[in-house]
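Residues: numbered from 1 along the sequence shown. Note that this is a predicted model, so its numbers are computed, not measured.
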Amino acid sequence: MVDLNQSGDGGWHHHYHHHNLLPKRIILVRHGESQGNLDTAAYSHIPDHKIPLTEAGRAQARETGAQLHDLISSDCGNSTNTWRVYFYVSPYDRTRSTLREIGKAFDRKRIIGVREECRVREQDFGNFQVAERMKVIKEARERFGRFFFRFPEGESAADVFDRVSNFLESLWRDIDMNRLHKDPSHELNLVIITHGLTCRVFLMKWFKWTVEQFELLNNPENCEFRVMQLGAGGEYSLAIHHTEEELREWGLSEAMIADQKCRASASKGNWNENCPWFLDEFFDPPLEELSKENDECYDLSHCSTNDPEIKEDMEKDILALLSEEIVLQKLVANESLQRSKSLLTESGVVYTHYKREAEKCIAQVETCEEARERAEAELREELKVTALWEQRALEFGWSSSGKKRVQ
């Protein structure tokens, strides 16, 4: 029986003799390239949940399926018959299609279940998304903050956090009560096919990341996946499968990376006591630590001796430093100048295009006016000829009714 004393992250304290009841991996996968990723105008006339994958997106999903199969099957010890997979999938068309393509890499006997899970769906951005309006709204989101900004008629990332938290509660009840029909001898892998922001929120909840840390995270690419693997001490970690370089590319700070490395190897007790808990995010350093740091760095020569980077900087000639700064400023100025020239050139092209179109319109108007004047002149001539013939007809005795008068 798993001891459900929640530790505050999405994980749970558990007894080590039932370690094998827990999934070996929880893998978060973002869907493949969709029509909306290719052309955002698609959101203006297709409901978000019906946006389909592109052909490239389907190919990405098949490739990811092969990668996941290799990852799971190549790490099963001496036995190749013990691993199984259970899938959760967002109800959106693009995630369902991604799952279908990924599933082609797995034999059916390896798949012990699949569940459509609405709580891992995409953030709701409202209904149909008009490009001009969404541009203005997303600019407002940047000023307000990505996590708390709520889209009109939609959700904030905080709303997604709440439903993902609820999903995690259900997930661990399923595991605790063995609703996933797990054979204890089998190595279980949970694969969740979802969306970029939902992936980030899931990790934020699990690892207790702050809002500030969340907003530093980069969105996964299409069909990119994050592997949370169970460490020897009973904690899940991103640092078992992924490298430090990958974690940095995703936006994790050094403290967050250190925490992941700690989770990968430390036992539960040691991890609670020794691993970083991001206290600096909430509190100032203790006075004794500040005093110690000040004492150590009071002597600049002592400080430089301990810090190679500071020593190197101090040994540089001041003129060399100024030269480097000038070169850097020149580079920045040149980049700005090039951007300005590029914008000016583009503006000139657009101006020339519209000027030509305007000249065409003016020419067409002038042509129409000339044709109208010619037609009016011809009509006047025709009326004169008609009047002349009518006059002559009357002179020859014809009436207006077309009958000749009797003399």
Side-chain angles (χ1 to χ4, degrees), residues 6-13 23 25-31 88-90 95 117-125 138 141-142 144-151 154-172 175 190-222 224-231 235-242 244 246-264 271-272 275-283:
Q6 191 174 10
S7 62
D9 51 4
W12 307 87
H13 297 295
R25 299 178 190 86
I26 300 174
I27 304 174
L28 303 170
V29 185
R30 187 189 174 198
H31 60 79
Y88 289 88
V89 62
S90 157
T95 42
E117 178 52 69
C118 284
R119 289 171 292 183
V120 298
R121 68 186 184 276
E122 175 65 290
Q123 179 182 5
D124 191 344
F125 296 103
K138 288 183 177 180
R141 178 180 65 174
E142 292 302 315
F144 191 89
R146 285 177 170 268
F147 187 76
F148 292 110
F149 181 84
R150 178 176 286 113
F151 283 82
E155 289 181 304
S156 65
D159 295 324
V160 179
F161 181 93
D162 291 341
R163 56 176 162 86
V164 166
S165 300
N166 185 267
F167 165 65
L168 280 172
E169 297 285 344
S170 300
L171 175 65
W172 286 104
I175 292 171
L190 299 183
V191 180
I192 303 172
I193 316 294
T194 181
H195 307 264
L197 179 128
T198 313
C199 283
R200 287 180 283 148
V201 166
F202 186 104
L203 295 173
M204 175 191 183
K205 167 62 180 174
W206 190 286
F207 295 119
K208 303 193 303 293
W209 292 339
T210 65
V211 171
E212 183 178 355
Q213 289 165 339
F214 166 82
E215 293 191 337
L216 294 174
L217 299 177
N218 298 315
N219 211 37
E221 298 293 334
N222 291 121
E224 191 175 1
F225 53 85
R226 310 285 195 245
V227 180
M228 299 164 51
Q229 188 159 323
L230 192 63
E235 288 295 332
Y236 287 93
S237 171
L238 295 167
I240 297 175
H241 176 75
H242 300 289
E244 288 187 39
E246 284 181 293
L247 300 184
R248 288 191 186 95
E249 288 176 356
W250 300 348
L252 274 70
S253 67
E254 294 305 315
M256 295 162 75
I257 293 172
D259 177 64
Q260 292 300 315
K261 292 169 69 176
C262 220
R263 289 172 180 267
W271 176 72
N272 284 340
C275 283
W277 283 88
F278 316 126
L279 292 181
D280 290 345
E281 295 288 333
F282 301 95
F283 305 107

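- Here the CZ-NE2 distance, from Arg200 to His195, works out to 13.0 Å after rounding to the nearest 0.5 Å.
- Remark: Asp159 pairs with Arg150 by the salt bridge (Lys or Arg N to Asp or Glu O under 4.0 Å) rule, at least two apart or across chains.
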Report task. Tell me, with the steps shown, if Phe147 and Glu212 meet side chain to side chain contact (heavy atoms under 4.5 Å, CB included). Result -> CA-CA 9 Å; Phe147 187 76; Glu212 183 178 355; over 6 Å; no

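- With sequence neighbours excluded, no residue forms a ring pair (Phe, Tyr, Trp, His ring centres under 6.0 Å) with Phe225.
- Counting only heavy atoms from C-beta outward, the side chains of Phe161 and Met204 approach each other to under 4.5 Å.
- Remark: Glu221 engages no residue in a salt bridge (Lys or Arg N to Asp or Glu O under 4.0 Å) (not counting sequence neighbours).
- By the side chain to side chain donor-acceptor pair (under 3.5 Å) test, Glu254 is found to be paired with Arg248, residues two or more places apart in sequence or in another chain being considered.
- Considering only residues two or more places apart in sequence or on other chains, Arg30 meets the side chain to side chain donor-acceptor pair (under 3.5 Å) condition with none of them.
- Looking at residues two or more places apart in sequence or on another chain, you find a side-chain contact (heavy atoms from CB on, under 4.5 Å) between Asn166 and Arg119, Ser170.
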Query raised in the report: Between Leu252 and Leu217, does a side chain to side chain contact (heavy atoms under 4.5 Å, CB included) hold up when you go through it step by step?
Result: CA-CA 7 Å; Leu252 274 70; Leu217 299 177; 3.8 Å; yes

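- Phe149 has its side chain out of reach of Glu142: every pair of non-hydrogen atoms, C-beta onward, lies at least 4.5 Å apart.
- Within the 4.5 Å cutoff, the side chain of Phe214 has no heavy atoms near those of the Trp209 side chain.
- For Arg141, the salt bridge (Lys or Arg N to Asp or Glu O under 4.0 Å) criterion is met by no residue, not counting sequence neighbours.
- Taking the six-membered ring where the residue is Trp, Trp172 and Trp206 present tilted rings, their angle falling between 30° and 60°.
- Distance check, rounded to the nearest 0.5 Å: CG of Leu203 to NZ of Lys208 gives 13.5 Å.
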Report task. Could you walk me through whether Thr194 and Phe202 pass side chain to side chain contact (heavy atoms under 4.5 Å, CB included), step by step? Result -> CA-CA 10 Å; Thr194 181; Phe202 186 104; over 6 Å; no

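- With sequence neighbours left out, the salt bridge (Lys or Arg N to Asp or Glu O under 4.0 Å) criterion links Glu155 to Arg121, Arg163.
- By the side-chain contact (heavy atoms from CB on, under 4.5 Å) test, Ala264 pairs with Ser237, Ile240, sequence neighbours left out.
- Two residues are said to be in side-chain contact when any heavy atoms from C-beta on lie closer than 4.5 Å; Gln123 and Phe151 meet this criterion.
- Cys262 contributes atom SG, which lies 13.5 Å from atom CD1 of Ile257 (distance to the nearest 0.5 angstrom).
- Once rounded to the nearest 0.5 Å, the distance linking CG of Leu168 with NZ of Lys205 reads 7.0 Å.
- Side-chain atoms of Gln260 come within 3.5 Å of backbone atoms of Leu238 as a donor-acceptor pair (strictly under, hydrogens ignored).
- Listed by chain and residue number, His242, Thr243, Trp250 satisfy the side-chain contact (heavy atoms from CB on, under 4.5 Å) test with Glu246 (two or more places apart in sequence, or in another chain).
- No option in Leu28, Val164, Ile192 other than Val164 meets the side chain to side chain contact (heavy atoms under 4.5 Å, CB included) test with Thr198.
- Pairing each heavy atom of Thr95 with each of Ser90, the nearest pair is OG1-O, 2.8 Å.
- Here Phe167 pairs with Tyr88 under the ring pair (Phe, Tyr, Trp, His ring centres under 6.0 Å) rule; sequence neighbours left out.
- Scored by the side-chain contact (heavy atoms from CB on, under 4.5 Å) test, Asn218 finds no partners at all (sequence neighbours excluded).
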**Report entry** Steps toward side chain to side chain contact (heavy atoms under 4.5 Å, CB included) verdict (Leu190, Arg25)
**Finding:** CA-CA 6 Å; Leu190 299 183; Arg25 299 178 190 86; over 6 Å; no

